[in-house]
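Right, one structure below, let's go through it.
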Amino acid sequence: MTTNSTSAPVTTIERLGNHVGQTVTLQGWVYDKSSKGKLHFIKLRDGTGICQCVAFKGDVSEELFEKLGHLGQESSLVLTGTIKAEPRAPGGYEMSVKEGRVVQQVEGYPITPKEHGPDFLLSNRHLWLRSKKQWALMRIRDAVITAIRRFYDERGFVCIDSPIFTPAACEGTSTLFEVQYFEDKAYLTQSGQLYAEASAMAFGKVYTFGPTFRAEKSKTRRHLTEFWMLEPEVAFADLDDIMQLAEDMLCYVVKQVLERRKPELLALERDLTKLECIQAPFPRLSYDEAAKILAQHPESTFKYGDDFGAPDETILSKMFDRPVMVHRYPKEVKAFYMKRDPADPSKALCVDVLGPEGVGEIIGGSQREEDLDALQGRIREHGLPEEAFAWYLDLRRYGSVPHAGFGLGLERTVGWIAGTEHVREASPYPRMMYRIYP
RNA sequence: UCCCCGGUAGCUCAAUGGUAGAGCACCCGGCUGUUAACCGGGUUGUUGUAGGUUCGAGCCCUACCCGGGGAGCCA
């Protein structure tokens, strides 16, 4: 067993640029290895990046050289050596190994550098996360989350999270997951919005950001049964205000990701020009304007008055190089809490933001009905249990004000920015209709 | 819930109704600059499950199981 006799400082691969010419220690896992006679090339992965470590026979002990030659993928090890700039090495830096210690030698790691199918990879999600592209994706997801929180913090919003256990349906439409709550039934939340409205009346500008659940049997690349949703809610705001907010936020988030995660985007072979053009102003279409476009489109089966289907959204989003905001849908296809447009009471004051490149809806929002009588009537029309909404109606009894907000689907947004085909890859441990392992 | 596609070695896939195959992975040997290395040798099977048709089924038929894509619904 080789031990570190030197006291070389431990560092990480992302900081190697500060250590050129120095002897340092890296701790990580074998990402890939190839040997050529009297030298081993070990691509070491430490969570912050990948560094090629070269061990020449003669530079290290016989025992270590032999051990390094038998390392399987994902063997864990600690290596000490000198760092040099090396154009032949991926990443630009390379370690000349002097000493090392194998923490665990591994055989038979399931995910090889070759091709694998989605079923196999999803069953091995706990290991798949170590792969380069999944690693890049999760780092982009992290940057999106951080950017969102920064954005709202800078604008004076307060994060007030909504509960995950709820006593009843929020909107009365989606199928919910039912859980046993002591002696009673409860449901996993499908949206934190109603609570965000209450929070907004207490704090002015708020957002809630957490997991939401839909028990719908959706099997498409846009659907998860568990996904994270960001929901800002603003007192004294109208539809135009939150459309502006959504536009500002998306521009900010994309800019931050471009600044902080460019290597990760490139690792995913993302076309950066598609992100660089995400600039205000975004195109805005009324439902009526969008309906006219679809009526003239040969591939659309859209009928006026219907909600847009997924193919219709794709047609609309492909017309623009940035997100398109479609507003003022017919009230019949939208939720009970949305305020009517005073200029046309058949329409709701709402907006859907459709991501570009055919990714579909990433944001849905609205101005909320603040009038007590109107809202009560709406709850009855929809056949919702009034008792369950008593607290929600209180918000219209005690200092009701115009207010508005929206919900953003995190995984769809990450998938769009990262350019992935499926939302499931934008979630670290995706939950889908037929998949709850690992 | 509905429509379409698929299930063969650890992985990715091939195999007119007629002996179950390849590449990769893995193991052994060789090589001082590999980037999915290369060269030589070797190991790898309840063809998703259960029936049926047939002299003979991985292939045809029925049912079921598992997964993928899409519709609806939504973010």
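Please read these numbers as outputs of a predicted model, since none were measured by experiment. First the proteins, then the strands, lettered A, B, ... as listed; each starts at 1. Reckoned from all heavy atoms, side chains included, excluding hydrogens, waters and symmetry mates.
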Under 4.0 Å, heavy atoms only, any strand: does A:Thr413 hit a base, just the sugar-phosphate, or nothing? nothing
On RNA chain B, nearest-nucleotide positions of A:Val54 versus A:Ser218: which is more 5'? A:Val54
Can you tell me how far the CD atom of A:Glu313 sits from the CD atom of A:Glu361, to the nearest 0.5 Å? 5.5 Å
Describe the nucleic acid contact of A:Glu411 in one word from base, sugar-phosphate, nothing, applying a heavy-atom distance below 4.0 Å. nothing
Assign A:Gly309 to base, sugar-phosphate, or nothing according to its heavy-atom contacts below 4.0 angstrom with the strands shown. sugar-phosphate
Using a heavy-atom cut-off of 4.0 Å across all strands, would you classify A:Thr112 as base, sugar-phosphate, or nothing? sugar-phosphate
For B:rG69, take OP1 and OP2 only and decide whether either is under 4.0 Å from a side-chain N or O of A:His422. yes
Mind checking A:Leu224 for me? I need base, sugar-phosphate or nothing, with any heavy atom below 4.0 Å counting as a touch. base
Look at the aromatic rings of A:Trp228 and A:Phe209 and report parallel, tilted or perpendicular, splitting at 30° and 60°. perpendicular
Would you indicate, yes or no, if B:rC73 has its OP1 or OP2 atom less than 4.0 angstrom from a side-chain nitrogen or oxygen of A:Arg222? no
Tell me whether the rings of A:Tyr207 and A:Phe157 are parallel (<30°), tilted (30 to 60°) or perpendicular (>60°). tilted
Does the plane of the ring in A:Tyr304 sit parallel, tilted or perpendicular to the ring in A:Phe302? Use 30° and 60° as the thresholds. perpendicular
Categorize A:Ile362 for me: base, sugar-phosphate, or nothing, with a 4.0 angstrom heavy-atom threshold over every strand shown. sugar-phosphate
Could you tell me whether the phosphate oxygens of B:rG69, OP1 or OP2, come under 4.0 Å of any side-chain nitrogen or oxygen in A:Lys219? no
Taking only the C1' atom of each, what is the distance from B:rA14 to B:rC66 in whole angstrom? 23 Å
Which is true for A:Gly117 with a 4.0 Å heavy-atom rule: it touches a base, it touches only sugar-phosphate, or it touches nothing? sugar-phosphate
Please work out if A:Asp32 contacts a base, only the sugar-phosphate, or nothing of the nucleic acid, heavy-atom cut-off 4.0 Å. sugar-phosphate
Partner of B:rU62 by Watson-Crick or G-U wobble geometry, both contacts under 3.5 Å, or none? B:rA50
Mind checking who B:rG67 pairs with, Watson-Crick or G-U wobble, both distances under 3.5 Å? B:rC5
Does the side chain of A:Thr82 pick up a donor-acceptor pair with the side chain of A:Gln22 at under 3.5 Å? no
A:Ala310 vs A:Glu94, nearer the 5' end of RNA chain B by closest nucleotide: A:Glu94
Taking any heavy-atom pair under 4.0 Å as a contact, classify A:His40: base, sugar-phosphate, or nothing. nothing
Per-pair stack call A:Phe227 and B:rA75, 5.5 Å, 30°: yes
Would you indicate, yes or no, if B:rC31 has its OP1 or OP2 atom less than 4.0 angstrom from a side-chain nitrogen or oxygen of A:Lys36? no
With a non-hydrogen cut-off below 4.0 angstrom, is A:Phe120 in contact with a base, only sugar-phosphate, or nothing? sugar-phosphate
Indicate, with a heavy-atom threshold strictly under 4.0 Å, whether A:Glu421 touches base, sugar-phosphate, or nothing. nothing
